[in-house]
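Let me begin by presenting the structure, written as structure tokens, before commenting on it.
Values in this document were obtained by computation on a predicted structure and should not be read as measured data.
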Amino acid sequence: MKRRPQVVAIVLIAAIVTMAILGICIGSVRISVSAILQSLFRTEATRTISKNTVYIIRNLRLPRVLAAILSGAALALCGLVFQSVFRNPMADSYILGVSSGASFFVGLAFVTGISFAEFSLPLVAFLGAIGTTTLLFIISRRNASSMLLSGIALNYLLSALTTLTIYISNRQAESILFWTMGSLGNTSWSKVGIIASVLLVSSLVTYRYCDAMDLLLMDDSTAISSGLNVKSTRILLLAISSVVTATVVCFCGIIGFVGLMSPHFVRIIVGPKHKRLLPLSMLMGAAIMLFSDIVSRFIIAPSELPIGIVTSVLGAPVFLVLLRRRNRGK
């Protein structure tokens, strides 16, 4: 039985708010909810809170929570776009190797010294993401059935090349290793601002193409007869998803399966229409990322587990279930 989108949205927003508060509370320094409210709203009672606590809330925990929300929503958007363009419910920027392509180029930038500034990395990551996406697009046009396997092969190849760059450059090994496992630990307000800006523009443009994505799920002849320019629409949507993927990889590293799980769960609840799927998938992605971040900080506290490991543990079974259903349908 399909649920009303409004009800699903309310439940997801409530879950996001609850986990966001929990995400600010937990850590090596435990913080109360009252301290969070006092710090955020700058009440007179803020004077009773230590400066260290205020600093942790405003400059460490809050940017991290916002980064989790934004990056989760961004990955969900990318997953939905890839699934629509390639007509494959198992498509995802991580599984298809797009994230690995962005990560590999970032690794090369570190090794060769191209990354002269922090914010030059998004451009380098975008080149890797768009290159991998273009290759997948060419493969899917010639043989759509081999696209998923080709993406998995590319993922392994690019991951191996990234490992090779780590092996070659000992001095940059720790920095490059960050991209391969995913982490929200180095989040700052400037990074949050960039992710938010990219996500806002991308989501607004993508929402305008929701009806087009509905048509892309059909065969090309039906979409063309409905007046859709299939080629230009696919190129635009893939370019958008590549930019968003590159941004997330650049600042948060490789975080897998969020883009796979989020649209799949929402599609089961509200159906396949993209005007419902897009905003709810983004909310679902934010909720999954927040949950994964909390688990990554809690499971081996006071140490921290890379968030990419948590999302992979959660997402791999979903991928296997989808693969089994797909094989049964053939």
Side-chain angles (χ1 to χ4, degrees), residues 1-9 73-93 95-96 98 129-151 198-245 258-285 322-323 325-330:
M1 180 179 178
K2 304 301 181 185
R3 302 290 182 183
R4 284 189 173 186
Q6 296 87 344
V7 176
V8 179
L75 291 173
L77 182 148
C78 293
L80 182 61
V81 169
F82 278 117
Q83 290 168 19
S84 302
V85 170
F86 292 117
R87 299 191 189 114
N88 193 319
M90 293 181 291
D92 170 47
S93 57
I95 294 171
L96 297 179
V98 179
I130 198 66
T132 308
T133 303
T134 302
L135 183 57
L136 283 169
F137 185 64
I138 295 172
I139 292 172
S140 66
R141 288 185 63 185
R142 295 181 178 179
N143 187 357
S145 62
S146 65
M147 183 271 298
L148 185 65
L149 292 177
S150 300
V198 171
L199 179 60
L200 177 62
V201 175
S202 302
S203 59
L204 290 176
V205 175
T206 304
Y207 188 78
R208 292 188 61 184
Y209 281 83
C210 281
D211 292 335
M213 287 193 286
D214 288 338
L215 293 174
L216 286 178
L217 293 178
M218 307 176 187
D219 58 274
D220 286 354
S221 58
T222 303
I224 293 172
S225 63
S226 300
L228 179 67
N229 189 328
V230 174
K231 183 177 180 180
S232 62
T233 301
R234 280 177 171 161
I235 291 174
L236 175 63
L237 290 173
L238 288 175
I240 290 172
S241 58
S242 296
V243 171
V244 176
T245 298
V258 175
L260 172 73
M261 292 187 286
S262 305
H264 177 66
F265 291 155
V266 175
R267 196 178 287 113
I268 294 174
I269 299 171
V270 301
K273 292 293 183 180
H274 283 86
K275 283 191 174 179
R276 296 179 176 180
L277 273 178
L278 180 60
L280 293 178
S281 294
M282 292 174 66
L283 288 175
M284 180 67 76
L322 288 174
L323 185 61
R325 287 184 178 180
R326 185 177 178 85
N327 291 334
R328 282 181 176 180
K330 291 184 177 181

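Once rounded to the nearest 0.5 Å, the distance linking OG of S241 with CD of Q83 reads 11.5 Å. Going from atom CZ of R234 over to atom CG of D220 covers 4.5 Å, rounded to the nearest 0.5 Å. Note: L228 CG to T233 OG1 = 4.0 Å, rounded to the nearest 0.5 Å. With rounding to the nearest 0.5 angstrom, the CG atom of L75 is 11.5 Å from the CG atom of L260. Atom-to-atom distance recorded for S262:OG and D92:CG is 9.0 Å, nearest 0.5 angstrom. The structure places OG of S203 at 13.0 Å from CZ of R208, a figure rounded to the nearest 0.5 Å.
Here the closest non-hydrogen pair linking P263 and G259 is CD-O, 3.0 Å. When all heavy atoms of P5 and L280 are compared, the pair lying nearest together is O-CD2, 3.8 Å. Here the closest non-hydrogen pair linking L199 and A74 is CD1-CA, 3.7 Å. Minimum heavy-atom separation, G285 to A76: CA-CB, 4.0 Å. Here the closest non-hydrogen pair linking L136 and G151 is CD2-CA, 3.7 Å. Heavy atoms only, all atoms of each residue included: I130 and S242 are closest at CD1-OG, 3.6 Å.
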query = Does the side-chain contact (heavy atoms from CB on, under 4.5 Å) test come out yes or no for V198 and V243, once each step is laid out?
reply = CA-CA 8 Å; V198 171; V243 171; 4.0 Å; yes

query = Would H274 and T206 satisfy side-chain contact (heavy atoms from CB on, under 4.5 Å), going step by step from the backbone distance to the final call?
reply = CA-CA 10 Å; H274 283 86; T206 304; over 6 Å; no

ask   = Do L80 and R267 pass the side-chain contact (heavy atoms from CB on, under 4.5 Å) test, and can you show the C-alpha distance, the side-chain angles, and the key distance before you say yes or no?
value = CA-CA 10 Å; L80 182 61; R267 196 178 287 113; 3.7 Å; yes

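In this structure, the side chains of L237 and L216 come closer than 4.5 Å at one or more pairs of heavy atoms. Considering only heavy atoms from C-beta on, F82 stays 4.5 Å or farther from I95 through its side chain. Residues V205 and I240 form a side-chain contact, since some pair of their non-hydrogen atoms from C-beta on lies under 4.5 Å apart. Under the 4.5 Å side-chain criterion, counting only non-hydrogen atoms from C-beta, T132 is not in contact with L96. In this structure, the side chains of I269 and R276 stay at 4.5 Å or more apart for every pair of heavy atoms. In this structure the side chain of F86 reaches within 4.5 angstrom of the side chain of L238, judged on heavy atoms. For the pair L215/T222, no side-chain contact is recorded, criterion being any heavy-atom separation below 4.5 Å from C-beta on. A heavy-atom distance below 4.5 Å is not found between the side chains of L277 and M284.
For D211, the salt bridge (charged side-chain N to carboxylate O under 4.0 Å, His left out) partners at least two apart in sequence or on another chain are K275.
In summary, of the residues considered (I138, V98, T245), a side-chain contact (heavy atoms from CB on, under 4.5 Å) with T133 occurs for V98 alone.
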